[in-house]
Structure formats: C-alpha cells, structure tokens
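Labels below follow one simple rule: chain letters A, B, ... track the order of the sequence lines, proteins then strands, and each chain is numbered from 1. Quick caveat, the model's predicted, so the values are computed rather than measured.
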There are 2 protein chains.
Amino acid sequence: MLRLSKRVEYGLIAVRHIAALHVGTVVTAKEISDRYHIPFDLLAKILQRLSKSGLVIAQHGVKGGYSLSKSPDQIPLSLIVNAIEGRQVVAVCISEKNEDCRISETCTIKSSLFKIQNNVDQIFSTMLLSEIV
Amino acid sequence: MLRLSKRVEYGLIAVRHIAALHVGTVVTAKEISDRYHIPFDLLAKILQRLSKSGLVIAQHGVKGGYSLSKSPDQIPLSLIVNAIEGRQVVAVCISEKNEDCRISETCTIKSSLFKIQNNVDQIFSTMLLSEIV
DNA sequence: GGAATCACGACTCTTTCGGTCGTATTTGAA
DNA sequence: TTCAAATACGACCGAAAGAGTCGTGATTCC
Ligand code: SF4
Ligand code: SF4
C-alpha cells in the first residue's frame, strides 16, 4: 500500500541518469542496465514508455540510445510517473471514468480521499527532475 | 501503485462512523458492516487491529461494541492507517530495518524518495479525524 | 549485409490483497 | 446457570497486481 512500483523507481533512476549527461550525448538501455544493475528487459520496456510519451527521445540503430527531450527543470516527477504507470489514484472511485467500487453509494470518505489525492499529486508535480540529479 | 488498501478505506469509514456517535454509545461491527455494505469478517478484523492499537475501545459480550478512545481532534489519520497496516513506506529501503533491495548500492534516488516519504507522512499526520466526520 | 539498438506483446512466476472460515473467549441477560 | 451476542485470532484460499523473461520485428549505422 502506497508503495512505488519498481518500474517507477527504475524509471526515475534512468531518467535521472540521462538528465545528468552532457546535452547531445545519448545513452543506451544496456549501459543504464549495467550501471545500476537493473534487469535489462524490464528497463527497456520502461524506456519505451518514456519514449512513447515524448519525455525522452529514442535514437534507433547502432550508436543509438536515449536522450532527454527537454530541460530537467521543465520536468516534474509527475510527468515521469504518468509516462510509466499512467495516472495513479489513491482510490478506484477517483479515476474519471471507473466507478466499480461496490460500496460507492454509502461511502462517507470520498471527499477526504479527494483531498489526499490532491496532496499526493502536489508532491509529484512540484518536485522537478532538476532537483534530483 | 500508491493505492490505499480496502482495509484502510473500510477502517476510515468505520472510525469516522464511530466518531460521529454520541459519546458513551457503542456500535457493533455488524451494524457498521450492514450500514456501509462492508464484508463483516473483514471489517471485524480491521476493528480488532484498531482495538489492539488502543485507538478504539472494544466492549465484549451482549450489548457490546466499539467506541472511540479519545477525541476525534486528537486523532490524525496516520494513527488510523498505522494501526491497520503498520508503518507504510514508498520504498523498501526506507523501513528502518529491511535492506533487501538488490540495487541499493548503486541507487541514486534514495534521498529523493525520502523527501517523498516525508511529504506523504505529512499528509496523513496533519489530517485529523475531526476533519472528516 | 550485418550488428547494434529500440519496439512490442505475450508469457510466467511471485507477492500482495481481499475475503472467508473455524474456533475460542468474554459478557450480559433470561 | 445457561445461552446468545459479541469480540479475538489465525489459518486458509482465490484473484489481482507486480516483477521479470522471451520471442520477434523494425530501424539505423558501418
Ligand atoms: S467509494 Fe469510498 S470506498 Fe469505494 S473507492 Fe471511493 S473512497 Fe474507496
Ligand atoms: S534503494 Fe533505490 S531502488 Fe532500492 S528501494 Fe531504495 S530507492 Fe528503491
């Protein structure tokens, strides 16, 4: 409960590493995987998601690799987290669409959980990648 | 990821209900279970944990039930959460004792996760039960 | 053309979570 | 004194989520 997934941890480590590079240089998934002892296949998928979201830029082929798409001080951690895991909510009734909580009708704590959700969102949207490099 | 457990949700609903009662009255697990459509056995176990932690007082036997041990404005949500699930951390390396993360040696985001942890703790320790009744 | 790299999805294994069950204990009242 | 109503505890199970692996294909540089 309330635990970050390994995906997000690995993603943060990877993005932080990429952010610490000199601009213009790329780094390969293999290099990051080796450096931090992260399972290669898993890390690869994470980087693919980050690439798909546009947060990092992927360079195919030999001499390829990843680089950052914008300045680290323009990237709140929420962007990274959302790219990897999608929007995360503290309770199922908070996602826009889904209302599949059995006791939703009689629930008395929805508004409180909304507050908690906002505070959690705040944490990730105010911390910038530039703060953690 | 980052989702509250059903136990905590049910616990919050239950404690909030108890807190809304007139002092001196007790309420039974069955009543709460019926009122909010929470599985009885599960709710019972949750209330047992709350009782064990001293947060609620259990009255055995016929005419028994639960009541609050102190004023709702003396109870931060963290107390309820901890009673139900124990101390919760955003990453395994944050719990005092356990260091079973394979990549702990090369990890570069520990301090950032500590910050996040502190902010999360802040959320639950500043919200009081009295605010959500 | 071939090697290095990213891209994608299916799959398995493990852990966590939600929920149930059986049984024991306490207590008030008939 | 007996019984029913209630809490207390732990074991158990099935479902779901999480972590990690594998196979295959596409892109790019040399
Ligand atoms: S309705 Fe109440 S119980 Fe159901 S998910 Fe939302 S908050 Fe949790
Ligand atoms: S060491 Fe790094 S990766 Fe391992 S748990 Fe702590 S933060 Fe997560």
**Prompt:** If we only count heavy atoms from C-beta on, is the A/Lys115 to B/Ile123 side-chain gap below 4.5 Å?
**Reply:** no
**Asked** If we only count heavy atoms from C-beta on, is the A/Leu4 to B/Leu2 side-chain gap below 4.5 Å?
**Response**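 When only atoms from C-beta onward are counted, B/Leu2 and A/Leu4 do touch, with a gap below 4.5 Å.
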**Asked** How long is the span from the CG atom in B/Asp121 to the CZ atom in B/Arg87, to the nearest 0.5 Å?
**Response**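 Reported value, rounded in 0.5 Å steps: 4.5 Å.
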**Message:** If I take atom OG from residue A/Ser78 and atom CD from residue A/Gln88, how far apart are they, to the nearest 0.5 angstrom?
**Reply:** 12.5 Å
**Message:** Does either side chain, that of B/Gln122 or that of B/Asn118, offer a donor lying less than 3.5 Å from an acceptor on the other one?
**Reply:**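 Judged by distance alone, the side chains do not pair up.
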**Request:** Taking all non-hydrogen atoms of both residues into account, name the closest pair between A/Gly11 and A/Ile84 and its distance.
**Result:** CA-CD1, 3.7 Å
Could you check how far [atom1] of [X] sits from [atom2] of [N], rounded to whole Å?
{"X": "B/Lys52", "N": "D/dA8", "atom1": "NZ", "atom2": "C1'", "value": "9 Å"}
{"X": "B/Glu31", "N": "D/dA5", "atom1": "CD", "atom2": "C1'", "value": "12 Å"}
{"X": "B/Asp41", "N": "D/dC12", "atom1": "CG", "atom2": "P", "value": "17 Å"}
{"X": "A/Gln48", "N": "D/dG25", "atom1": "CD", "atom2": "C1'", "value": "12 Å"}
{"X": "A/Met1", "N": "D/dG18", "atom1": "CE", "atom2": "P", "value": "14 Å"}
{"X": "A/Arg3", "N": "D/dA16", "atom1": "CZ", "atom2": "P", "value": "23 Å"}
{"X": "A/Ile46", "N": "D/dG20", "atom1": "CD1", "atom2": "C1'", "value": "10 Å"}
{"X": "A/Lys6", "N": "D/dT21", "atom1": "NZ", "atom2": "P", "value": "14 Å"}

**Asked** Does A/Asp34 pair with A/Lys30 as a salt bridge, N-O distance under 4.0 Å?
**Response**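 A salt bridge links A/Asp34 with A/Lys30.
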**Prompt:** For DNA chain C, whose closest nucleotide is more 5', that of B/Lys45 or that of A/Phe40?
**Reply:**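 The 5'-side residue here is A/Phe40.
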**Prompt:** If you pin B/Gln88 and A/Lys30 to their nearest nucleotides in DNA chain C, which one's is more 5'?
**Reply:** A/Lys30
For a quick test of reading the model: is some side-chain N or O of [X] closer than 4.0 Å to OP1 or OP2 of [N]?
{"X": "A/Tyr10", "N": "D/dG18", "value": "no"}
{"X": "B/Arg102", "N": "D/dG20", "value": "yes"}
{"X": "B/Ser51", "N": "D/dT7", "value": "no"}

**Request:** Name the closest nucleotide to the A/His60 side chain, picking from D/dT28, D/dG18, D/dA8.
**Result:** D/dT28
**Prompt:** More 5' along DNA chain D: A/Leu4 or B/Thr28, using each one's nearest nucleotide?
**Reply:** B/Thr28
**Request:** Under 4.0 Å between any heavy atoms, over every strand shown, what does A/Ala29 touch: base, sugar-phosphate, or nothing? Just pick one.
**Result:** sugar-phosphate
**Request:** Walking along DNA chain C from 5' to 3', note the first and the last nucleotide with an atom under 4.0 Å from a heavy atom of chain B, and give both.
**Result:** C/dG18 to C/dG28
